[in-house]
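A short worksheet on the structure shown next.
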Protein chains: 2
Amino acid sequence: MEPLSTRQEEILKFLAHYQAEHGFPPTAREIAGHFGFKSHKAAVDHVKALERKGYLQLHKGKSRGMEITSNYPSFSGIIPVVGRIGAGTPIFAIENLEETLKIDSSLFSRGECFAVRVKGDSMIEAHIKDGDYVILKRQDYAENGDIAGIVMGDEVTLKYYYKRKGRIELVPANPKLKPIIIEPGSESLQIAGIMVGLIRRR
Amino acid sequence: MEPLSTRQEEILKFLAHYQAEHGFPPTAREIAGHFGFKSHKAAVDHVKALERKGYLQLHKGKSRGMEITSNYPSFSGIIPVVGRIGAGTPIFAIENLEETLKIDSSLFSRGECFAVRVKGDSMIEAHIKDGDYVILKRQDYAENGDIAGIVMGDEVTLKYYYKRKGRIELVPANPKLKPIIIEPGSESLQIAGIMVGLIRRR
DNA sequence: TGACAAACTATCCTTTTGTATAGTATCTAT
DNA sequence: ATAGATACTATACAAAAGGATAGTTTGTCA
């Protein structure tokens, strides 16, 4: 595959995200609106560049007439399994991918999904076993009681998320392990996503 | 789900097919064209009926603005979810299908797979929760310690399978429930398959 | 230096598409 | 009997969206 510029990758990512979110692709004007372009021609140019490089197939004359052709993880609904993630590096950077699950992510959620492989028994009382793949929907916030994927160092760990009296509690589903309590004012935590599903093999 | 008329089912099927083919939904005029309607209003009416019955979500004012919301039996291979099964009827008979999971079964096993939706907590200590989909590989025997899908009446239930001293024990993963013991010579039990995977939503 | 890709703004025109109004005909359940 | 759903035809109009032309700016590669 021909390499993409930073901007083109952003565009492609947005296309995949919009498609996952809405069930149909965006129009040139919607793309322009999202990125703040004042002329939709800019979006047309990007989309054409993506077609030329083989990432898209365009259908001339048809509204929203585009298909993402690439098998690139996280595009086309396939769920990438994330191993380690560097502090700053985006979660979908290629170097972080361990494998992919050939599953249409729409089974679990609209929106962009990824998976982490569970190590250990910290969520055993939520019936999440060692070796299970937990499917997470990518979002940077969580509701009370959600099982959230939290970025800790260079890994994603799973915890129940609670916000009580202004402080955030990250509670494992295992009585042997202690909750992590984040007092207000301390450095913020980074939520990678919330659990929307689980896959177990064997 | 509300029942669909024959025509409405044809329309929905076409929508799913078109979406799978093209990556985006059809317009009302394209639907009309496919069915030979001379007025695209007919297609609009059908699509609105499908929305009213909950099979579609429409996005007003947006071209191709529709999403299929149901898990409408689709077209790619994929795992059927079996509800009840009549004594003689084959497990894959259409009347038994409740829904399908859009997952390539090769993720779990080489053989033929199907799924049952778990009711209750009888396998809770194996970390199989109420509502989980358990993926079974179709076979009529089991090894010691396998989690097997057993045909009981007109349903499939899950049990640990053990063969000890000539008799077969079907053990739930819940201390509150008693094992079923089948003495040698009594009527044979029917194994539908053995567990090869699990899918949990939410 | 010159060609080319990338990344845009601005404007115009045409086609595509959604939505609306006005009908016709058949069937079904109350 | 009659109201409602189903299943269409026909036509008109406005909004949505694609496509094209003409330009600016900033890089990079050779």
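In what follows, every heavy atom counts, from backbone to side chain, and hydrogens, waters and symmetry copies are set aside. Since the model is a prediction, treat every value here as computed from it, not as a measurement. Just so it is clear: chains get the letters A, B, ... in the order the sequence lines come, proteins before strands, and each one is counted from 1.
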Report yes or no: does [X] contribute a side-chain atom to a donor-acceptor pair with the main-chain N or O of [Y] at less than 3.5 Å?
X	Y	answer
B:Arg64	A:Ser63	yes
A:Glu67	A:Thr69	no
A:Asp132	A:Arg200	no

Revision key, fill the gap. Separation of D:dT6 atom P from B:Glu9 atom CD, nearest Å, is 14 Å
Revision key, fill the gap. Separation of D:dA5 atom P from B:Leu50 atom CG, nearest Å, is 15 Å
**Study point:** Those residues that, when tested against B:His40, pass ring pair (Phe, Tyr, Trp, His ring centres under 6.0 Å) (two or more places apart)
**Key:** none
Review point. For every nucleotide of nucleotides 24-30 of chain C, 5' to 3': is a protein heavy atom under 4.0 Å from its base (B), only from its sugar-phosphate (S), or from neither (-)?
Key: -------
Exercise for review: Determine, for nucleotides 3-20 of chain C in 5'-to-3' order, which nucleotides have protein heavy atoms under 4.0 Å from the base (write B), from only the sugar-phosphate (write S), or from neither (write -).
Suggested key: ---SSBBB-----SBBB-
Practice item. State, to 0.1 Å, how close A:Met123 and A:Leu158 come at their nearest heavy-atom pair, and which atoms those are. Key: SD-O, 3.6 Å
Review point. Ring centres of A:Phe24 and B:His59 under 6.0 Å apart?
Key: yes
Check your understanding: Atom CD1 of B:Ile168 and atom CG of B:Asn144: how far apart are they, to the nearest 0.5 Å?
Key -> 10.0 Å
Review point. Below 4.0 angstrom, N of the basic side chain to O of the carboxylate: do A:Lys13 and A:Glu10 qualify?
Key: no
